[in-house]
Amino acid sequence: MNAIQSALSGWGLWIALVGACLGTYFCRAIGVTLSQRINQDSEIFRWLAAVTYAMVAALTVRLIVLPLGLMATVPLWIRILICVLSIAVMMSRPTRRLVPALLTGTILMVSYGVIR
């Protein structure tokens, strides 16, 4: 038993790395092979998109309502107000919405931190 441990002591991390790479690239190769036969308008993909959007929405709400770390020091009403203002900026301009909304939220949160 000690002979095996001493033989693999320097190789354990390399074996784990090679195994992880093989597993990752095997799954990717299967995905590339099967991608031409998949219909993106099927029910399963619509369900998958709905679940993905629901998870992103849930994580966003959790980040706003129950934050961790430094953001937990900001009062809830300020976090909600900044979100509402960012959404208002995003809805006000039909073109180029994301960057101004993110910039609004970032500037308001940083300015709250500087003022406080």
Side-chain angles (χ1 to χ4, degrees):
M1 191 60 123
N2 287 336
I4 294 173
Q5 282 181 332
S6 63
L8 293 177
S9 64
W11 292 96
L13 293 176
W14 289 106
I15 291 171
L17 179 65
V18 168
C21 289
L22 288 175
T24 299
Y25 289 119
F26 179 72
C27 290
R28 287 183 182 201
I30 289 174
V32 168
T33 304
L34 295 177
S35 68
Q36 296 170 352
R37 297 184 213 151
I38 294 175
N39 181 11
Q40 293 181 356
D41 297 325
S42 67
E43 283 293 318
I44 192 159
F45 275 99
R46 283 193 269 170
W47 176 80
L48 194 61
V51 168
T52 303
Y53 284 126
M55 288 176 61
V56 168
L59 288 172
T60 303
V61 169
R62 187 201 178 280
L63 182 67
I64 294 166
V65 176
L66 299 169
L68 297 174
L70 191 58
M71 197 163 163
T73 62
V74 178
L76 178 64
W77 69 271
I78 291 179
R79 293 190 303 256
I80 292 174
L81 178 68
I82 289 173
C83 290
V84 168
L85 291 174
S86 296
I87 290 171
V89 167
M90 193 170 184
M91 300 298 262
S92 68
R93 296 185 61 186
T95 59
R96 299 184 183 154
R97 297 181 275 192
L98 186 61
V99 173
L102 290 174
L103 190 61
T104 300
T106 303
I107 288 173
L108 289 173
M109 194 61 89
V110 168
S111 63
Y112 172 79
V114 169
I115 291 170
R116 186 169 176 236

Least distance between heavy atoms, R79 atom then M71 atom: NH1-O, 3.3 Å
From I82 atom CD1 to S111 atom OG, the distance as rounded to the nearest 0.5 Å: 6.5 Å
Heavy atoms from other residues, nucleotides or ligands near CG of L34 exceed 12 (cutoff 6.0 Å): yes
Residues forming a side-chain contact (heavy atoms from CB on, under 4.5 Å) with W77, sequence neighbours excluded: P75, L81
Partners passing side-chain contact (heavy atoms from CB on, under 4.5 Å) against V61 (at least two apart in sequence or in another chain): V65
Side-chain hydrophobic cluster, 4.5 Å single linkage: members besides L103: I107
Remaining members of the apolar cluster that contains V99, side-chain heavy atoms under 4.5 Å: none
R116 side-chain N/O to V74 backbone N/O, donor-acceptor pair under 3.5 Å: no
Those residues that, when tested against R46, pass salt bridge (charged side-chain N to carboxylate O under 4.0 Å, His left out) (two or more places apart): E43
Shared-cluster residues of V56, by chain and number - hydrophobic side chains joined below 4.5 Å: none
For C21, side-chain contact (heavy atoms from CB on, under 4.5 Å) partners two or more places apart: L17, Y25
Any pair counted as side chain to side chain donor-acceptor pair (under 3.5 Å), so long as it reaches residues 47-76, sequence neighbours left out: none
Pair listing, salt bridge (charged side-chain N to carboxylate O under 4.0 Å, His left out) test, anchored in residues 25-42, at least two apart: none
Where I78 and Y112 come nearest, the two heavy atoms and their spacing: CD1-CE1, 3.2 Å
Apart from V18 itself, residues in the same hydrophobic cluster as defined by side-chain heavy atoms under 4.5 Å: L22
Cluster check L85, V89: I/L/V/M/F/W/Y, side chain < 4.5 angstrom: no
With V84 via side-chain contact (heavy atoms from CB on, under 4.5 Å) - residues at least two apart: I80
Distance in Å, T104 OG1 paired with I87 CD1, rounded so as to fall on 0.5 Å steps: 11.5 Å
Neighbour count >12 (heavy atoms, 6.0 Å) for atom CD1, I44: no
